[in-house]
Protein chains: 2
Amino acid sequence: MTERDQRRSTCPISAALEVVGDRWTLLIVRDMIFGGARTYRDLLAAPEGIATNILANRLARMQALGILTSLPDPQDGRRMIYRLTPKGLDLLPVLMGLSTWGARYEGGIAPEGVLEAWMEDPKAFVTRVQAAQAAD
Amino acid sequence: MTERDQRRSTCPISAALEVVGDRWTLLIVRDMIFGGARTYRDLLAAPEGIATNILANRLARMQALGILTSLPDPQDGRRMIYRLTPKGLDLLPVLMGLSTWGARYEGGIAPEGVLEAWMEDPKAFVTRVQAAQAAD
DNA sequence: CATTATAACTTGCTAAGCGCAAGCGATTCT
DNA sequence: AGAATCGCTTGCGCTTAGCAAGTTATAATG
């Protein structure tokens with residue numbers, strides 16, 4: 001039985017929350033998009049301090065859900081390189097929605113210029129960030 | 001010690017997730033915005049089936065966080081009427097981001113025309129939905 | 001006016017998820 | 001060869017979620 005079969009409703013908000021509605025998934029996506037994180041170690045360095053077992057679990061789950069892919073680093077056999085799929089990258093608007101709200105109501109502080117660029121022209125912002133991901 | 005003092009980082013995404021990053025908070029907001037839910041019973045009817053103790057807990061928490069307000073129904077002393085504050089209503093873009101993603105990648109189905117209207121003109125959509133909330 | 005029903009919770013218990021600390025096998029560096 | 005590093009895994013305790021039953025206050029019903 002797949003995760004999808006046990007979906008609680010057909011609502012797309014609910015469906016999305018079953019995938020990203022936990023404590024860590026979106027923060028991992030954040031660190032991969034904005035922090036350039038590509039390895040397990042990069043992600044462990046998140047300021048919120050994710051536990052090693054949770055991170056391993058989330059990476060496996062996100063891979064199974066098609067949000068990211070992994071491959072061994074050709075330069076170093078110990079290291080795995082994680083990359084967001086288009087599906088993962090497409091969570092950017094969700095991140096920006098949260099970011100806008102968190103900055104407005106919860107005193108969060110986004111990197112200089114990011115929210116401004118997003119609010120000015122969301123589509124151009126997404127295109128620019130996604131191009132930057134593809135580049136490196 | 002307030003919830004804010006124990007914030008795990010200054011990141012606005014993280015700050016927002018500490019408030020709405022659980023299984024139910026955003027679904028409650030969804031039911032209040034799109035389902036016209038105003039009472040405990042309305043919210044219990046959510047297709048995902050929230051437990052009574054969790055709903056009571058979330059309503060109290062959301063009220064403490066300024067996402068919604070409650071007042072006794074003047075028509076019926078048993079009933080409490082819940083309403084979203086501007087802060088709660090401002091979660092609409094987050095909901096729509098999740099909805100767009102959930103429909104695209106997870107097979108969720110939004111009510112006819114909603115996603116189209118959002119993608120066509122997000123600002124106008126938000127204005128329209130918020131006006132509808134204020135009206136009733 | 002007594003009874004029944006309804007609304008909004010609360011309580012108790014069990015199950016699932018999160019978090020910390022320690023350990024492990026496979027590389028790679030010195 | 002020995003030490004360090006990388007990506008995990010394991011064990012355990014704690015917190016949160018979920019289910020079922022019960023409680024109080026108000027309102028409708030006969």
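So you know, we letter chains A, B, ... as the sequences are listed, proteins then strands, and number each from 1.
Here R78(A) contributes atom CZ and D73(A) contributes atom CG; the two are 10.0 Å apart, rounded to the nearest 0.5 Å. A distance of 5.5 Å separates CG of L65(A) from NZ of K87(A), quoted to the nearest 0.5 Å. Rounding to the nearest 0.5 angstrom, the gap separating the CG atom in D31(A) from the CD atom in E48(A) is 7.0 Å.
Looking at the side chain of R58(B), the nearest of the listed nucleotides dA8(C), dA17(D), dT9(D) is dA17(D). Residue M80(A) places its side chain closer to dG7(D) than to any other of dT9(D), dC19(D), dG7(D). Residue A56(B) has its side chain nearest to dC9(C) when only dA22(C), dC9(C), dG7(D) are considered. The T39(A) side chain lies nearest to dG7(D) when the options are dG7(D), dC9(C), dT10(D).
If you take CZ of R41(B) and C1' of dA8(C), they are 8 Å apart, rounded to a whole angstrom. In this entry the distance linking CD1 of I50(A) with P of dG17(C) reads 15 Å, nearest Å. Put simply, CD1 on I28(B) is 11 Å from P on dA17(D), counting in whole angstrom units. Nucleotide dG7(D) holds its P atom 17 Å from the CG atom of N57(A), rounded to whole Å. Between the CZ atom of R38(B) and the P atom of dA7(C) there is a distance of 17 Å, given to the nearest Å. Regarding D22(A), its CG atom lies at a distance of 15 Å from the P atom of dT16(D), rounded to whole Å. The distance from atom CD1 of I54(B) to atom P of dA15(C) is 16 Å, rounded to the nearest whole Å. Distance, L44(B) CG to dG18(D) P: 13 Å, rounded to whole Å.
No path of Ile, Leu, Val, Met, Phe, Trp and Tyr side chains, each step under 4.5 Å between heavy atoms, connects V29(B) with I81(B), placing them in separate hydrophobic clusters. The hydrophobic clustering, which links ILVMFWY residues whose side-chain heavy atoms are closer than 4.5 Å, places M119(A) and I109(A) apart.
With a 4.5 Å cut-off on side-chain heavy atoms, P12(B) and W101(A) do not count as touching.
Around atom CD of E116(A), more than 12 heavy atoms belonging to other residues, nucleotides or ligands sit under 6.0 Å away.
At least one side-chain nitrogen or oxygen of R23(B) sits closer than 4.0 Å to the OP1 or OP2 atom of dG18(D). Applying the 4.0 Å criterion to OP1 and OP2 of dG19(C), one finds that W24(A) has a side-chain N or O inside that range.
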Could I get a table of every N or O pair under 3.5 Å where one atom is in the protein and the other is in nucleotides 25-30 of chain C?
| from | atom 1 | to | atom 2 | distance (Å) |
| --- | --- | --- | --- | --- |
| dT28(C) | OP1 | G77(A) | N | 2.4 |

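DNA chain C is contacted by both A51(A) and N53(B); N53(B) maps to the nucleotide lying nearer its 5′ end (nearest heavy atom per residue).
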